[in-house]
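Some notes on the structure that comes next.
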Amino acid sequence: MEWHIEQLVNRISLFFAAIATLSLIYLFLRYPLSCAPSALNRRSHSQSLTLAHSPFPRSSCDAASRDVVPPEKRFNKLRSTRAFHRRVESFSSVFFSLRSLGLLFNASHVLCVSAGAGHEISALLDSGVVDVTGVELVDFPPLVKRADPHNLPFFDGIFDLGFSTGFGAALFPGRFVEEIERTVRRGGSTVLAVDGWGTKEGVDGVEKLFKMSNLLEVRNFTLDGSPMTLIVMRKTSSITRQN
Ligand SMILES: *[C@@H]1O[C@H](CO)[C@@H](O)[C@H](O)[C@H]1NC(C)=O
Ligand SMILES: *[C@@H]1O[C@H](CO)[C@@H](O)[C@H](O)[C@H]1NC(C)=O
């Protein structure tokens, strides 16, 4: 019991630390220092007068506005790294196995929750799946939009497959599962990739959080060198089961 509470407290403080950090990053990206509104005016003015003599930023404001990397460029840079490819390949083999289970097709509507920079989305698109939606607490264009995994901005039952590697880090695992399960159609599936090789108790614990789905498959696999467990749930009902 104490261990459980301690873990909850740890999670909560981690969550708030993350929120604070993300807010700061967001503010910095949005408003490069406090001079944003006048930067344009001042710049065009000073540029015509002094640009030739002054190749260096005239103030920290000028420097900040130069340093903001356009989202597309940031993503392209990331996409060109070996680490990115390695992780995408790991996901490709996961999705290949979901195809062989008959849970994924090119025409599937797929939702990826807590998608980070969108590695799994890249893997899906590369394999020919056309309709993939990715969300994360902060947006990461062009593949990932901002949305809270605990409160997904989608109607019930609109996806064929819900996929996430974010369950282990969710502040409210029950709510996290409830939301992803809600957005999947009856007959569709929710697939969680959880850290570590799954023990029977661990898998049972995750399975119990689902109220409209049954366990279809559990698989050990490695994602980018780390041991993971794939828990595949199939939605059999649209009505919440009490258990
Ligand atoms: C899915 O799309 C990819 C890319 O367009 C294609 O190569 C593949 O054959 C398609 N798979 C099926 C089963 O149609
Ligand atoms: C996954 O690995 C663990 C540890 O080796 C093992 O206990 C478990 O049975 C494996 N699960 C599956 C589904 O293979």
Side-chain angles (χ1 to χ4, degrees), residues 3-4 7 72 75-76 78-80 82 84-115 117-135 141-145 158-170 173-174 176-177 180-181 183-236 243:
W3 173 82
H4 188 78
Q7 208 186 29
E72 290 288 340
F75 181 72
N76 286 337
L78 180 70
R79 194 163 57 177
S80 65
R82 296 237 331 253
F84 188 89
H85 281 279
R86 243 195 347 257
R87 204 167 156 83
V88 168
E89 268 167 29
S90 292
F91 279 120
S92 296
S93 52
V94 169
F95 293 129
F96 184 78
S97 65
L98 295 182
R99 278 182 192 261
S100 50
L101 287 170
L103 303 177
L104 176 66
F105 304 91
N106 279 355
S108 297
H109 303 290
V110 183
L111 171 66
C112 296
V113 176
S114 302
H119 298 83
E120 56 268 63
I121 300 168
S122 272
L124 285 162
L125 295 174
D126 290 352
S127 79
V129 181
V130 181
D131 185 348
V132 187
T133 304
V135 296
L143 299 182
V144 180
K145 295 199 171 60
I158 60 169
F159 295 103
D160 301 302
L161 173 66
F163 178 84
S164 187
T165 58
F167 172 77
F176 183 95
V177 163
I180 191 166
E181 186 182 34
T183 60
V184 168
R185 69 170 168 85
R186 190 146 66 97
S189 45
T190 303
V191 177
L192 300 180
V194 184
D195 289 334
W197 299 140
T199 59
K200 168 106 177 59
E201 299 74 48
V203 173
D204 282 352
V206 176
E207 186 188 350
K208 279 210 185 75
L209 296 174
F210 284 83
K211 306 292 185 205
M212 297 181 264
S213 312
N214 293 335
L215 184 66
L216 193 70
E217 172 98 7
V218 180
R219 261 182 208 196
N220 288 337
F221 74 107
T222 45
L223 182 67
D224 209 0
S226 310
M228 305 276 287
T229 305
L230 204 65
I231 300 176
V232 181
M233 303 292 300
R234 176 158 244 169
K235 187 160 166 181
T236 51
N243 59 3

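Counting convention: from 1, in listed order, for ligands and their atoms alike. The analysis underlying the following values was restricted to heavy atoms, covering all of them including side chains, and did not include hydrogens, waters or symmetry mates.
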Excluding sequence neighbours, so at least two apart, what forms ring-ring contact (aromatic ring centres under 6.0 Å, His included) with F176?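 Counting only residues at least two positions away or on another chain, F176 forms no ring-ring contact (aromatic ring centres under 6.0 Å, His included).
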Output yes when a side-chain donor or acceptor of R234 lies under 3.5 Å from a complementary backbone atom of G187, and no otherwise.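 Yes, the answer is positive, given that a donor and an acceptor are paired below the 3.5 Å cut-off.
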Looking at E181 and K211, would you say the former's side chain and the latter's main chain have a donor-acceptor pair under 3.5 Å? yes
Can you tell me how far CG of D195 sits from CG of L223, rounded to the nearest 0.5 angstrom? 8.5 Å
Angle between ring planes, F84 versus H119, binned at 30° and 60°: parallel, tilted or perpendicular? tilted
Backbone or side chain, does any N or O of R219 fall under 3.5 Å from an N or O of ligand 2?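 N/O-N/O distance below 3.5 Å does not exist for this pair.
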I'd like to know if the side chain of S127 pairs up with that of R99 as donor and acceptor (distance under 3.5 Å, no hydrogens or angles considered).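 Per modelled atom types, S127 and R99 side chains form a pair under 3.5 Å.
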Close-range residues for ligand 1, whose non-hydrogen atoms fall below the 4.0 Å threshold: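 Residues near ligand 1: N106, S127, G128.
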